[in-house]
**Q** 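Have a look at this one.
Predicted, not measured: the structure shown is a model, and the values here were computed from it. The basis for the numbers below is simple: all heavy atoms, side chains too, and nothing from hydrogens, waters or symmetry mates.
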Amino acid sequence: MDRNTGKYAAWSAVLLAAALLLGVGGGTAVQALAGSREAPTLVIDAGHGGFDGGAIGSDGTAEQDINLSIARRVQALAGFFGVRTAMTRADENALDYDPGRPIRENKVADIRARERIVGAADSPVFVSIHLNKFSDPQYHGAQVFYSPNHADSKTLAEALQACLAAGCDPANTRQAKQADRAIYLMDRLTCPAVIVECGFLSNPAEERLLNRTEYHKKLAACIVTGCLRYGSGG
Ligand SMILES: [Zn+2]
């Protein structure tokens, strides 16, 4: 990418965020998720980390790094709009990792540590960020899955799904879906909780996008807009 293309790509991400946010309805939405003690805490979860790289793209890209890049941008942008946030992992490491333990025990410890962070947050709204991978490379597009334990999870998932389609991929006709109970956090958490699968590493075109930080900004703008729209009740 040359310097000019980079400059305008950055601007287009800002303009996209502004356009999406104008559609949210301005101050009302922001106030709903920000400010008072009762205001929710957006708990942002970058999936995987450390010993657990998640899905690997055909060029060797690890899901965990992209998840963290998107999550950090979600935190920064949400914070800019006054939303209280917490991160499960703030760096490349897994949580509660002990090199002396078998991988399976470390996976359980990691996921329980994430559960405890959500449990310690005031009025948590949990958004977990992941990437998809499938054997057939034709599938693409973000999809949001919601926990069955809180009615608002579905509302949040639908707001996120709509914003991701509108902002990142108008050809994406996927619908928000209930998460499988086999996914520990979706089964256990009782707060509004969703998993955002931001795209497919198994689709070559989407993998190229997912390797670009400009696309991480775009995804983050869509995710924050979806959260604000949910927070505004519309
Ligand atoms: Zn994942």
Side-chain angles (χ1 to χ4, degrees), residues 12-34 39-47 66-67 69-88 118 121 123-132 140-147 150-179 185-186 189 191-199 206 209-210 214-234:
S12 67
V14 172
L15 286 172
L16 171 87
L20 286 166
L21 289 162
L22 284 173
V24 168
T28 323
V30 175
Q31 281 160 21
L33 267 178
T41 305
L42 183 62
V43 181
I44 306 153
D45 177 51
I66 299 175
N67 293 343
S69 171
I70 298 165
R72 282 178 166 156
R73 289 164 209 282
V74 168
Q75 186 187 34
L77 192 55
F80 177 77
F81 286 103
V83 176
R84 181 169 53 193
T85 61
M87 294 279 273
T88 54
V118 180
S123 309
V125 173
F126 180 76
V127 175
S128 185
I129 293 170
H130 282 259
L131 305 181
N132 231 327
H140 65 92
Q143 187 162 23
V144 186
F145 295 86
Y146 53 89
S147 161
H150 193 297
D152 283 0
S153 297
K154 187 179 182 193
T155 312
L156 171 60
E158 286 171 347
L160 287 164
Q161 186 72 51
C163 287
L164 284 159
C168 287
D169 183 3
N172 180 0
T173 56
R174 294 178 181 281
Q175 303 289 309
K177 257 177 90 173
Q178 185 172 307
L185 289 174
M186 292 294 101
L189 294 178
C191 65
V194 299
I195 293 179
V196 182
E197 296 279 2
C198 293
E206 199 158 53
L209 283 175
L210 289 165
E214 287 306 323
Y215 195 63
H216 303 171
K217 291 180 193 171
K218 211 168 173 180
L219 286 163
C222 294
I223 290 168
V224 171
T225 305
C227 291
L228 293 174
R229 192 172 287 175
Y230 157 78
S232 74

**Q** Mark yes or no for whether Glu158, through its side chain, and Ala176, through its backbone, hold a donor-acceptor pair below 3.5 Å.
**A** no
**Q** Only counting residues at least two apart or in another chain, list the ones meeting side-chain hydrogen bond (donor to acceptor under 3.5 Å, both in side chains) with Arg72.
**A** none
**Q** Locate the shortest heavy-atom distance separating Gly199 from Leu210; write the atom from each residue and the value.
**A**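 What the structure gives for the nearest pair is C-CD1, 4.0 Å.
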**Q** Considering the options Val194, Asp45, Leu156, which one meets the side-chain contact (heavy atoms from CB on, under 4.5 Å) requirement together with Phe126?
**A** Asp45
**Q** Using the side-chain hydrogen bond (donor to acceptor under 3.5 Å, both in side chains) criterion, which residues pair with His140? Sequence neighbours excluded.
**A**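 Per chain and number, His140 pairs via side-chain hydrogen bond (donor to acceptor under 3.5 Å, both in side chains) with Asp169.
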**Q** Atom NZ in Lys218, atom SG in Cys198: separation rounded to 0.5 Å?
**A**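 The SG atom of Cys198 is 13.5 Å from NZ of Lys218, to the nearest 0.5 Å.
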**Q** Could you tell me which residues satisfy side-chain hydrogen bond (donor to acceptor under 3.5 Å, both in side chains) with Asn172, sequence neighbours excluded, listed by chain and number?
**A** none
**Q** Could you list the residues that satisfy ring pair (Phe, Tyr, Trp, His ring centres under 6.0 Å) with His216, not counting sequence neighbours?
**A**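 So His216 forms no ring pair (Phe, Tyr, Trp, His ring centres under 6.0 Å) with any residue.
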**Q** Could you verify whether a donor N or O on one side chain and an acceptor N or O on the other, from Ser69 and Arg73, lie under 3.5 Å apart?
**A**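 A pair is found: one side chain offers a donor N or O, the other an acceptor, under 3.5 Å apart.
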**Q** Can you measure from OG1 (Thr225) to CG (Leu164) and round to the nearest 0.5 angstrom?
**A** 9.0 Å
**Q** Quick one: do Leu160 and Cys227 satisfy side-chain contact (heavy atoms from CB on, under 4.5 Å)? Show the steps, please.
**A** CA-CA 7 Å; Leu160 287 164; Cys227 291; 4.2 Å; yes
**Q** With heavy-atom distances below 4.5 Å as the criterion, would you say the side chains of Asn132 and His130 are in contact?
**A**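 Sidechains of His130 and Asn132: no contact.
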**Q** Is there a side-chain contact between Tyr230 and Pro192 (heavy atoms, below 4.5 Å)?
**A** yes
**Q** In Å, rounded to the nearest 0.5 Å, how long is the span from CG of Leu219 to CD1 of Ile70?
**A**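 Answer for the CG-CD1 pair, Leu219 versus Ile70, is 5.0 Å.
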**Q** Who pairs with Gln143 by side-chain hydrogen bond (donor to acceptor under 3.5 Å, both in side chains), at least two apart in sequence or on another chain?
**A**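 Counting only residues at least two positions away or on another chain, Gln143 forms a side-chain hydrogen bond (donor to acceptor under 3.5 Å, both in side chains) with Arg174.
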**Q** What pair of heavy atoms forms the shortest contact from Tyr215 to Cys168, and how long is it?
**A** OH-CB, 3.6 Å
**Q** Quick check on Gln178: does its CD atom have over 12 non-hydrogen neighbours (other residues, nucleotides or ligands) under 6.0 Å away?
**A** yes
**Q** Is there a donor-acceptor contact under 3.5 Å from the side chain of Ser123 to the main chain of Pro40?
**A** no
**Q** Determine yes or no for a side-chain-to-main-chain donor-acceptor pair under 3.5 angstrom, with Thr41 supplying the side chain and Pro124 the backbone.
**A**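 No.
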**Q** How long is the gap from CZ on Phe145 to OG on Ser128, to the nearest 0.5 Å?
**A** 12.0 Å
**Q** At their closest point, which heavy atom of Ser153 faces which heavy atom of Cys191, and how far apart are they?
**A** OG-O, 3.8 Å
**Q** Please name all residues satisfying side chain to side chain contact (heavy atoms under 4.5 Å, CB included) with Ala46, sequence neighbours left out, ordered by chain then number.
**A**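 Partners of Ala46 under the side chain to side chain contact (heavy atoms under 4.5 Å, CB included) test: Asn67, Leu68, Ala71, Arg89.
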**Q** If you round to the nearest 0.5 Å, how far is CG of Leu77 from CD1 of Ile223?
**A** 10.0 Å
**Q** Do Val127 and Ile44 come within less than 4.5 Å of each other through their side chains, counting heavy atoms only?
**A**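 Not in contact.
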**Q** Please find the pair of heavy atoms, one from Gly167 and one from Cys222, that lie closest to each other, and give the distance.
**A**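 Smallest interatomic distance, heavy atoms only, reads CA-SG, 3.6 Å.
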**Q** When rounded to the nearest 0.5 angstrom, what distance separates CG in Leu228 from CG in Leu42?
**A** 9.0 Å
